[in-house]
Amino acid sequence: MQSKSLTRRAALAATGAAVAATGAAASATGMSQKPLRAQNKTDVVVIGAGLSGLNAAMLLEEQGYTVQVIEGRDRIGGRLLSLRDIPGNPEAGGNGIGSGYGRMIDTVERLKIPMLNSAGRAQMTPFELYLDGERISAEQWPTHPKNILPDAWKNFSPRLVPLVLLSRTNPLESFEDWYDPKSTPHDISVYDVFKKEGFTDEQIDLTYNLNVAYGTSAHDISALMMWFNDGWVASMAGGPPTQLSAIGGNMTIPEMMAKALNGEVHLNRTVVGVSDTSGCAEVVCADGTVYRADHVVCSLPLPVMRHVRFDPFLPSVQSKAISLVPYFPMTQVHLIAKEPFWEDDEWSPDMWTDTVAGHVIGNRHNVENSDVTSLTAWARGFTAHKLDRVSPEEGMAWVVSEMERIRPSAKGKLEARYIKSWMRDPFAGGDYAVWEPGQVTEFLHATGKAHGRVHFCGEHTALSNRGMEGAMESGERAAFEIMGL
Amino acid sequence: MTKHHFSRRTAIKSASAAALATSVGVGMAPKSARAQNETDVLIIGAGLSGLAAAHVLQDQGYSVRVIEGRDRIGGRILSLSDIPGNPEAGGNGIGGGYGRVIDAAERFGAKLNNIIDRAPLILNRSLFLDGQMVSQEDWPSHPRNVFAEKYKGIMPWSFVPMFIIQNNPLESFEDWYDPKSAPLDVSIHEWFSSKGVTEEQINLAYNINSDFGNSSYDVSALMLMFVYAWGMMQRSNVPRATYAAVGGNQRIPEAMAGALNNEVHLGQKVVGISSDATGAEAHCSDGTVYRAKRVISSIPFSVLRTMKIEPGLSGVQSHAVQTLGKQLLTQSHLVAKEPFWEEDGMPIGMFSDTVLGNVMAQHFGDKPEDVTSITCWHRGWKAQQIDQLPEEDAKQLVLDTWAEQRPASKGKLEVAGFKSWYNDPFSSGDWAVWEPGQIKNFIGKMAEPHGNLHFCGEHTALSNRGMEGAMESGERVAFEVMDAI
């Protein structure tokens with residue numbers, strides 16, 4: 001296949017098209033007519049200046065490799081995004097850094113990034129439930145008419161039921177077993193697990209589908225992924241309850257990582273093609289820039305790779321994963337309270353709702369973690385879809401009006417400052433990979449498998465960690481692959 | 001009957017929570033408002049299927065009310081009346097065998113033109129691949145032509161229909177929903193592979209610009225077997241004809257709506273549907289409640305899944321509503337200020353591996369050869385790439401890509417119409433796409449009545465597709481309702 005591809009290139013070049021070498025690029029944006037700006041060749045080109053790509057770049061540079069990092073956005077950080085114009089600098093992306101995030105903590109220590117313990121930020125007050133326009137307190141819930149849960153679960157808030165149920169049914173001896181082929185029988189839907197435990201569809205709708213934590217519904221999420229998550233979170237929970245956040249926002253971490261590199265990260269380089277057909281790897285960008293290297297580290301999320309032409313084509317299982325693995329629909333609206341309306345009605349600022357406001361969290365990002373500095377409405381799954389289909393302004397207004405409807409004391413006191421849809425972000429296409437039933441087994445190993453000179457990283461390729469730490473793990477693995485370790 | 005319902009409500013209300021009345025997330029309308037809104041049948045959606053159902057029921061003497069979330073009639077039929085020739089952004093050619101659509105047009109006074117003589121002009125297009133235009137003459141000996149010898153003369157866009165038609169295992173196209181066909185409900189990729197089509201050939205024929213779904217991995221082979229067998233039947237059984245309504249196909253549903261006894265209520269955004277012992281209700285975002293003995297929902301599942309249904313759906317039906325695939329389709333409609341195609345000597349039409357997708361010249365002028373506008377069909381991941389951008393950026397991307405692909409077009413095109421069906425909150429996709437396994441799992445069960453709630457829409461059609469499928473489903477649901485009341 002590779003030799004055929006080389007012949008084809010030779011043939012194209014012979015026909016007089018000097019730009020034939022950028023065939024890959026043209027496929028995605030038709031950029032072939034532009035003069036190419038070839039950059040100096042380096043040992044490695046890293047695509048993506050998020051945590052995984054930057055970690056790979058740092059490790060490779062330490063070992064003496066020359067590395068060029070390129071990034072499609074006009075900023076560093078990928079799915080870390082700190083909102084610096086909002087009091088407390090809330091995070092629209094990667095959030096708390098747990099005490100077990102070894103690679104993250106090591107990196108911030110090495111780079112001397114000022115951190116604070118943010119463990120106290122979460123859940124100062126209980127999350128209150130809002131269903132059908134009604135606030136239901138924790139005391140009311142067990143006997144409330146809307147509580148259709150099985151008797152043994154009546155005392156649980158609906159949002160906690162999936163977590164507890166999945167934790168109780170977790171069949172994995174070690175959370176890392178999730179990627180062991182022996183776990184294949186567990187790669188079933190969360191819906192199936194609920195059903196086995198005797199839950200009705202109505203109960204599944206209330207506890208999982210209404211305000212989903214992962215995926216869009218219990219049907220499209222692998223229980224095996226959730227069991228891995230459960231075991232991994234539990235493994236992180238050892239030791240003192242520490243959670244770290246970078247002062248000024250977590251985005252500082254990738255920014256400092258980028259600064260620590262020998263060269264500058266090239267921003268605004270949207271990759272359209274990656275080829276490995278002419279003795280070295282080539283990365284072609286929409287603006288016509290071409291980077292050449294012995295190795296490429298591609299940290300792009302799977303939805304973004306849908307728009308990149310790989311030449312030669314990726315193996316079928318990888319193409320299939322790129323096409324099929326869904327990414328988590330997540331849209332956040334960040335709000336400021338002009339007055340502390342929760343002091344008027346004396347209810348918690350934190351709300352778990354069935355509205356487009358989804359899950360509202362009062363961020364306590366002052367030093368003492370005591371005052372509410374801003375509020376974030378987390379819309380996930382189908383709720384995020386609803387917000388994604390209206391304009392940003394309409395989306396923000398919608399969330400405010402729904403919060404005002406269910407929380408009369410908030411009327412006139414909310415100001416939406418920022419909306420972030422990860423689905424509609426062309427450099428993300430969703431927040432993170434959510435594995436459907438069967439996909440852990442079919443795709444997990446394949447997504448991180450090198451393709452000639454092209455290596456893959458990113459949280460979707462991580463095996464032993466999730467989120468930010470998973471991203472770091474995957475960057476490390478890709479770097480070691482190139483070093484031959 | 002109605003009284004009974006009201007007293008139940010009253011009882012519940014006095015029993016405890018006043019807020020129960022807002023059982024679907026909006027304030028309950030006063031009784032007087034609801035009484036005005038009572039009919040035998042309420043139909044949600046003024047597209048073809050809903051309107052077809054309304055007419056069958058009205059003819060039989062039932063009182064019918066149609067409500068519609070958009071501010072216009074027509075659903076996924078959308079004629080762009082501001083653009084020369086009134087091109088269609090939605091439902092397109094009306095085949096000679098579209099009996100129900102043709103009948104409705106004649107009956108309600110929408111004039112049809114036979115435009116079959118323009119079809120060859122529309123099909124005149126070149127291949128744009130890897131940054132190069134390839135004419136139909138050059139293709140058979142082109143180095144990128146990886147088809148087997150007997151298919152070398154076929155353009156990539158014809159391979160899939162031709163191969164499926166030649167190898168279609170369905171005896172009758174209607175066999176697609178027969179359980180005996182379940183073994184064929186695998187991805188088209190898997191079926192092609194089983195027939196010896198290579199990865200390279202599948203990529204060229206399907207994945208660079210897919211007609212259905214996003215890639216060869218997420219579409220059921222069985223769906224495509226039905227689609228093409230049905231298309232063959234359409235072409236073989238009747239005199240060759242393709243009709244278009246004068247002034248645009250949207251005139252057909254408009255004429256149908258105009259002939260109803262009760263005017264369609266526009267702008268009524270349904271947020272929830274409930275069914276009880278004696279009837280069913282639709283609750284709208286403005287607080288209006290419509291009550292009827294039976295409610296018919298023509299809402300696409302991609303939208304229905306974001307609404308509240310009481311009591312909740314269960315089993316297969318809930319699974320289908322939450323996961324049935326949808327076609328990503330975005331269209332750009334361009335108007336040329338000068339005939340740039342005379343300058344570069346190439347056909348206007350293109351089948352492109354870039355974001356432009358499938359480009360077709362529209363010939364709706366007095367003379368068939370007149371070019372009235374140009375339509376780009378961005379499908380699957382190409383649509384996604386566009387849908388993630390703000391609309392102005394998306395249009396610019398289209399124009400930039402044109403300028404690079406066809407330098408002669410630079411400065412001579414403007415985007416006069418733009419429609420993303422995925423970002424449309426009332427459709428969230430163009431048509432239902434059956435993913436591998438979904439036909440055998442869902443069909444026959446997913447559209448069963450749920451209490452007093454019934455379902456129609458093209459996704460529920462069994463023997464037809466597109467506009468004719470919508471009409472068929474409206475007819476079927478009307479008979480279903482007549483049997484029930």
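Chain identifiers are assigned alphabetically (A, B, ...) following the order of the sequence lines, protein sequences preceding nucleic acid strands; residue numbering begins at 1 within each chain. Below, all heavy atoms of this structure are taken into account, side chains as well, without hydrogens, waters or symmetry copies.
For B/Leu313, the part lying near chain A is the backbone, with the side chain staying farther off; criterion is any non-hydrogen pair under 4.5 Å. Contacts of A/Asn209 with chain B are made by side-chain atoms alone, with heavy-atom separations under 4.5 Å and no backbone atom involved. Contacts of B/Asp387 with chain A are made by backbone atoms alone, with heavy-atom separations under 4.5 Å and no side-chain atom involved. For B/Ser428, the parts lying near chain A are the backbone and the side chain together; criterion is any non-hydrogen pair under 4.5 Å. Contact of B/Thr323 with chain A is made through the side chain alone, with heavy-atom distances under 4.5 Å. Of the atoms belonging to B/Asn207, not a single heavy atom falls under 4.5 Å from chain A.
For the residue pair B/Tyr422 / B/Asp430, no side-chain donor-acceptor distance below 3.5 Å is found, with atom types taken as modelled. A donor atom on one side chain and an acceptor atom on the other are found under 3.5 Å apart for B/Gln322 and A/Ser217. A donor and an acceptor atom, one from each side chain of A/His307 and B/Gln384, are located under 3.5 Å apart. Side-chain contact check for B/Trp381 and B/Ser210: no donor-acceptor pair (N or O, by modelled atom type) lies under 3.5 Å. One side chain, B/His283 or B/Glu281, offers a donor N or O that lies under 3.5 Å from an acceptor on the other. Side-chain contact of A/Ser137 with A/Glu139: a donor-acceptor pair under 3.5 Å is present, judged by distance alone. The closest side-chain donor-acceptor pair between B/Gln405 and B/Thr354 falls under 3.5 angstrom.
Not a single salt bridge (charged side-chain N to carboxylate O under 4.0 Å, His left out) links B/Lys445 to another residue, sequence neighbours left out.
Look at B/Lys269 and B/Asp286 and you find no salt bridge, because none of the NZ, NE, NH1 or NH2 atoms lies under 4.0 Å from a carboxylate O.
Contacts of residues 387-395 of chain A with chain B at a heavy-atom distance below 4.5 Å involve A/Asp388, A/Arg389, listed in sequence order.
In terms of non-hydrogen atom pairs under 4.5 Å with chain B, the most contact-rich of A/Lys386, A/Met423, A/Glu202, A/His385 is A/Lys386. Ranked by heavy-atom pairs shorter than 4.5 Å toward chain A, the options B/Ser318, B/Ser314, B/Gly312 are led by B/Ser314. Interface check for chain A: of the options B/Gly315, B/Ser302, B/Ser193, B/Pro311, the most heavy-atom pairs under 4.5 Å are formed by B/Gly315.
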(Q) side-chain hydrogen bond (donor to acceptor under 3.5 Å, both in side chains), that's the test. Do A/His144 and A/Glu134 meet it? Break it down for me. (A) CA-CA 11 Å; A/His144 194 275; A/Glu134 181 192 2; 3.0 Å; yes

